[in-house]
*Asks:* 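Have a look at this one.
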Amino acid sequence: MASSLSILKTCLDLNSSCMHVKSVESCIVHFQRYKEPVEKIAIKVHARPIKRVAKRCPICKKRCPGYDTKRDVPSMWRAPNLNGVPVFICYTPRRIECPEHGVKTEYIPWADGESRFTPAFNNEVAWMVCQMSKSAVAMFEEINWRTVGNCIEAAHRRLEPDITIRLRGLKRICVDETSYSKGHLYITVVYDMDRNRVVWVHEGNSAEVFSLFCQELSEQERREIEIVAGDGARWIDSCVKEYFPNAIRCIDSFHVVEWANTALDDVRRATSNHAKHEFELQQEAFRKAENEASKALQDAEVELASMPNIGRPSKRKLELLSLIEELRSMLDEAYQQPKKKGRPRKERFSDEHQQFLDQLRNKYREIKSTRYALGHSPENCTKNQVAKIRLIENSYPELYRAYQLKEGLRIILHMTDPKQAAIELDQWINDAAESAITPMVELSEKITRHRSNILNSIQCQVSSAKSEAVNSTIKVLIKLAHGFKNLSNMFALIYLKCSDIVIPLFNRCQMTPEQASTFRKAVNDRRRQRQELRKAERMSIWS
């Protein structure tokens, strides 16, 4: 029958830590939680390294003679909780005298580097931060919020001691920038499209930052780079020309369609603003006409009151009576309308004028609400969005022409024949330049500047969709963590999450990188099938 000490060592995974457990005791620890003193039961494990790993240099791991005892009070290392009870490993470390490195504190086999935590504890914290916020992890593990980031960095440093290994064997890379905080603070991310992982992260977004990555590669590794994908940033172009002589510069279709959507949205806003301006002008004209009629009524009444009431009415008096009756009927029609539900209008017009103003108001509101319908591709539009696009086709020819140009460009970017794509792209540039729509003309000039890079993307069939997905993952990590004060902690979490590193968890089954890749592929295939069925259903709406 196993002793209680053996069971405890098995639960805490102390057998693989090269330690000899001398005794175990329970104690009361005092700490502050929510600015109030708290007492809690904890477990202290008094241990020492086994003789095989004792008195070794922490750098070269060689056995060295002892120098002295570091201190009288034993040091403590935090281990994973046991059903919510904190566990501490206590030991008084000694100092050794290494012939090569001098006097050092001896190697502690259960310590995770220089931190006061065990590898199992840091692995647990790092895995939890990938799933929840740092605040929740700090409360669950009863550690400081900043300590969570240090645990992540320690776990990554142990699981991947040499980060430069990721830079070896690069063939196709994607460069992009993403924001990590408010105030236009960005990081540059380099993604390996062949092995689906982040290979380099650095603060900033400029040619100087990207050149730091290029300088970390050797001359031979720079020549082996075949494709550099990204958006249309000029600093990417300059670095590719300077450092990668054999690389093909590609602009992903995602960014090109994003340019087209931006231009189309400019046309939509201009059309909506023009309709709104027309409504405001007409409303002002009607208001001015109402004021003039009210003033004319007052003048007519004053003039009528000044006329004598004796004898037959003169011709002018009859004209004034007729005019007053007409003006009163018109103003009474405007001001004696029944109140409608909702927010009352500041002014009221006649039924005819109000009906005309409502038509103008609905016109610019209809244009304003077509943003998502115009941004979607036809196969992804709902029935309501299809109706809006048909309304634009019948009522707003300039906006519909911009929509057709956007869809034409999107179809060109999905082509697989580069020669035919070049012909169609040149024709599209001419059509956009001759459309006399200012945003589309500017877009044609921009695409002309990036024409060769766009055709390279079509020829190589390169997509930075995975890189954009990584950017979304990074934003989710930052949001879940409720921000980072230390960028090195954030970079460590990105390296752990956006790669094939498996964070080991004691006595828990986890997928290997190959199993995870197979699982993701199966999930993506099922999602693709659902999307195809959904597209087929929505395309039937157009017929």
*Asks:* Is the shortest heavy-atom distance from the side chain of Cys57 to the side chain of Tyr107 under 4.5 Å?
*Replies:* no
*Asks:* Whether Arg234 and Asp237 form a salt bridge (side-chain N of Lys/Arg under 4.0 Å from carboxylate O of Asp/Glu) is what I want to check.
*Replies:* no
*Asks:* Please check if atom CZ in Arg195 has more than 12 non-hydrogen atoms from other residues, nucleotides or ligands closer than 6.0 Å.
*Replies:* yes
*Asks:* Considering residues, nucleotides and ligands other than Arg52, do more than 12 of their heavy atoms fall under 6.0 Å from its CZ?
*Replies:* no
*Asks:* How about Pro86 and Lys40: do any of their side-chain heavy atoms sit closer than 4.5 Å?
*Replies:* yes
*Asks:* With a 4.5 Å cut-off on side-chain heavy atoms, are Val257 and Leu409 touching?
*Replies:* no
*Asks:* For a side-chain contact (heavy atoms from CB on, under 4.5 Å) check, start with the C-alpha distance between Ser75 and Arg116, then their side-chain angles and the critical distance, and finish with the verdict.
*Replies:* CA-CA 9 Å; Ser75 302; Arg116 290 289 180 177; 3.0 Å; yes
*Asks:* Between Val189 and Thr178, is any pair of side-chain heavy atoms under 4.5 Å apart?
*Replies:* yes
*Asks:* Got more than 12 heavy atoms from elsewhere within 6.0 Å of NZ, Lys521?
*Replies:* no
*Asks:* For this output row, return yes or no: ring centroids of Trp77 and Phe121 closer than 6.0 angstrom.
*Replies:* no
*Asks:* Atom CZ of residue position Phe506 - does it have more than 12 heavy atoms of other residues, nucleotides or ligands inside 6.0 Å?
*Replies:* yes
*Asks:* For Lys62, does the NZ atom have more than 12 heavy-atom neighbours from other residues, nucleotides or ligands under 6.0 Å away?
*Replies:* no
*Asks:* For residues Asp231 and Asp176, determine if any side-chain heavy atom of one lies less than 4.5 Å from a side-chain heavy atom of the other.
*Replies:* yes
*Asks:* In terms of relative ring orientation, are His156 and Tyr495 parallel, tilted or perpendicular, with 30° and 60° separating the classes?
*Replies:* parallel
*Asks:* Answer yes or no: is there a side-chain heavy-atom contact under 4.5 Å between Phe88 and Val45?
*Replies:* no
*Asks:* Using the ring-ring contact (aromatic ring centres under 6.0 Å, His included) rule, pick out the option among Tyr243, Trp200, Tyr191 that qualifies with Phe213.
*Replies:* Trp200
*Asks:* CD of Gln215: more than 12 outside heavy atoms within 6.0 angstrom?
*Replies:* yes
*Asks:* Please work out whether the ring planes of Trp235 and Phe210 are parallel, tilted or perpendicular, with thresholds of 30° and 60°.
*Replies:* perpendicular
*Asks:* For Ile41, does the CD1 atom have more than 12 heavy-atom neighbours from other residues, nucleotides or ligands under 6.0 Å away?
*Replies:* no
*Asks:* Is the number of heavy atoms from other residues, nucleotides or ligands within 6.0 Å of OH (Tyr67) greater than 12?
*Replies:* no
